[in-house]
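One structure below.
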Amino acid sequence: MVMRRCGGLGFLLLAALLFPVSVSAQGGGFRAGVLVPMERVKATLGKTVDNTAPNTLVPPPRRGTLVMDEGSANAWGSGIGGFLGYRAPLGGSGFHMGARVDAALHFAAVDGQLAGVGDSPGRNQLGESWPDQWTFERKRSYGLTLEIGGSPGALASADATVFLLAGIRLAQVQLTNRFSGCMLPAGCGPSDLVSGEDARDLNHQAFTFGLGVEKGLGEGLGLRVEASHTPYCDEQWTAQFTEVGVTVPTVLDAGETGLKVGIVWRGS
């Protein structure tokens, strides 16, 4: 699985801090709005069963091996969010710059399953990758977004603007993993398997970028449509099974692509 680096988040934050300095003299206005997203959410869960520890109780031929497994799934999700921002013209060029902060609630659950990797019929013996079932559920997210746009040609007379956007987000999600497998070095029959559930609350950093259009609906009111892609930075953790000398590093990769439609109240 490709590991996503998040070093660019600091650059976007610096740009946001410099934004008021660069446009405050241009005479802009505050804005507020509501956005309703419809997004395709994708998640990929990858795990490695590490049987290489000197004290491992994993029997041959799995002893000393790394067993890797991965599963992906996707689903449609919706939500609702609100934002507060500021937009200012860039001199008399017809272009503008804007910045906003927002918060959103999300309603999406992605259900997936690992295939299971091993030699046993159920792929559920000690040292194998068990065929875990998992659910990735978005809860809340918070963002800081910059935009630049304008009203070229006939768009100006139609009170419409097009714009590009880029930003950073913090997404609060929950990953629930349901497992059933063997913890006995000598092997397990169906009645010996252990089952359980592990729920983790995770905070994903994320980028977002896209484009949009806004159309005036009257004095101080506008309709806004955005298309965006938001890749999350990978979350990693390691489960330790010290009683049998096995560790399980796990990586969660996720993201969403979709549309947001909403109403904007535009200040002077």
Side-chain angles (χ1 to χ4, degrees), residues 1-9 37-51 62 65-79 104-125 127-141 143 167-181 193 195-210 226-239 241 246-260:
M1 180 181 297
V2 176
M3 305 302 294
R4 183 172 296 120
R5 299 183 182 274
C6 300
L9 296 181
M38 178 58 68
E39 298 159 325
R40 191 67 172 174
V41 184
K42 181 179 180 180
T44 300
L45 185 68
K47 75 173 183 180
T48 301
V49 181
D50 187 345
N51 304 316
R62 295 184 294 276
T65 65
L66 297 174
V67 181
M68 291 176 283
D69 199 356
E70 183 176 284
S72 297
N74 55 74
W76 285 101
S78 61
L105 295 174
H106 299 279
F107 315 112
V110 179
D111 294 315
Q113 182 168 4
L114 297 177
V117 178
D119 300 318
S120 70
R123 307 292 192 264
N124 55 15
Q125 298 301 297
E128 297 180 328
S129 175
W130 305 342
D132 302 342
Q133 296 179 330
W134 52 270
T135 299
F136 172 82
E137 185 176 4
R138 298 184 305 162
K139 299 290 189 177
R140 295 166 294 275
S141 69
I168 55 177
R169 301 197 66 77
L170 177 67
Q172 297 179 333
V173 309
Q174 184 177 78
L175 180 76
T176 303
N177 191 63
R178 295 170 291 277
F179 59 88
S180 178
L193 300 178
S195 299
E197 183 176 286
D198 176 34
R200 292 177 179 269
D201 293 317
L202 303 171
N203 293 310
H204 278 277
Q205 291 180 328
F207 299 98
T208 189
F209 51 89
E226 297 178 2
S228 61
H229 177 58
T230 304
Y232 294 8
C233 298
D234 296 335
E235 286 286 328
Q236 308 173 59
W237 63 92
T238 299
F241 299 92
V246 175
T247 59
V248 183
T250 304
V251 180
L252 175 64
D253 180 30
E256 59 210 34
T257 302
L259 288 174
K260 296 182 178 71

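Each residue takes its place number in the sequence, starting with 1.
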Checklist entry - How far apart are the C-alpha atoms of E128 and D119, what are their side-chain angles, what is the distance that settles it, and do they pass the side chain to side chain contact (heavy atoms under 4.5 Å, CB included) test? => result CA-CA 8 Å; E128 297 180 328; D119 300 318; 4.2 Å; yes
Item to check | Worked check of side chain to side chain contact (heavy atoms under 4.5 Å, CB included) between M38 and W76 | outcome: CA-CA 7 Å; M38 178 58 68; W76 285 101; 4.1 Å; yes
Checklist entry - Between K47 and W134, does a side chain to side chain contact (heavy atoms under 4.5 Å, CB included) hold up when you go through it step by step? => result CA-CA 12 Å; K47 75 173 183 180; W134 52 270; over 6 Å; no
Item to check | CA sep, side-chain torsions, deciding dist, call: L175, W237, side chain to side chain contact (heavy atoms under 4.5 Å, CB included) | outcome: CA-CA 12 Å; L175 180 76; W237 63 92; 3.5 Å; yes
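If you take OG on S180 and CH2 on W130, they are separated by 8.0 Å, rounding to the nearest 0.5 Å. In this structure, S72 OG and D253 CG are separated by 8.0 Å, a value rounded to the nearest 0.5 Å. Rounding to the nearest 0.5 Å gives a distance of 9.5 Å between CZ of R178 and CD of Q113. With rounding to the nearest 0.5 Å, the separation of CG in L170 from SG in C233 is 10.5 Å.
Listed by chain and number, the residues in a salt bridge (Lys or Arg N to Asp or Glu O under 4.0 Å) with D198 are R200 (sequence neighbours excluded). The side-chain contact (heavy atoms from CB on, under 4.5 Å) test applied to T257 returns H229, not counting sequence neighbours. Checked against side-chain contact (heavy atoms from CB on, under 4.5 Å), A115 has the following partners two or more places apart in sequence or in another chain: D69. Every residue two or more places apart in sequence or in another chain was checked for a side chain to side chain donor-acceptor pair (under 3.5 Å) with N124, and none qualifies. For L105, the side-chain contact (heavy atoms from CB on, under 4.5 Å) criterion is met by F107, R140, not counting sequence neighbours. Taking A239 as the reference, F241, V248 meet the side-chain contact (heavy atoms from CB on, under 4.5 Å) condition, with sequence neighbours excluded.
By the 6.0 Å contact criterion, NZ on K260 is enclosed, its count of non-hydrogen atoms from other residues, nucleotides or ligands being greater than 12.
Under the 4.5 Å side-chain criterion, counting only non-hydrogen atoms from C-beta, E39 is in contact with H106. Looking at L252 and L202, their side chains come closer than 4.5 Å, going by heavy atoms from C-beta outward. Between L45 and E70, every side-chain heavy-atom pair lies at or beyond the 4.5 Å cut-off.
The minimum heavy-atom distance between P37 and G79, with the atom names listed, is CD-O, 3.2 Å. When all heavy atoms of S129 and V49 are compared, the closest pair comes out as CA-CG2, 3.9 Å. Across every non-hydrogen atom of G77 and A108, the tightest pair is CA-CB, 3.5 Å.
In this structure, a donor-acceptor pair under 3.5 Å is absent between the side chains of Q236 and T250. Under 3.5 Å, the side chains of D111 and T135 contain a donor-acceptor pair of N or O atoms. Counting only N and O atoms by type, the side chains of S141 and R169 include a donor and acceptor under 3.5 Å apart.
Between V67 and the options D50, V117, T48, a side-chain contact (heavy atoms from CB on, under 4.5 Å) holds for only V117. Just one of D132, T176, N177 meets the side-chain contact (heavy atoms from CB on, under 4.5 Å) condition when paired with E197; it is T176.
Using a cut-off of 4.0 Å between Lys/Arg side-chain N and Asp/Glu carboxylate O, R40 and E256 are scored as not salt-bridged.
H204 and F136 have perpendicular rings, their planes meeting at more than 60° on a 0 to 90° scale where under 30° would count as parallel.
At distances below 3.5 Å, at least one donor-acceptor pair connects side-chain atoms of R123 with backbone N or O atoms of G118.
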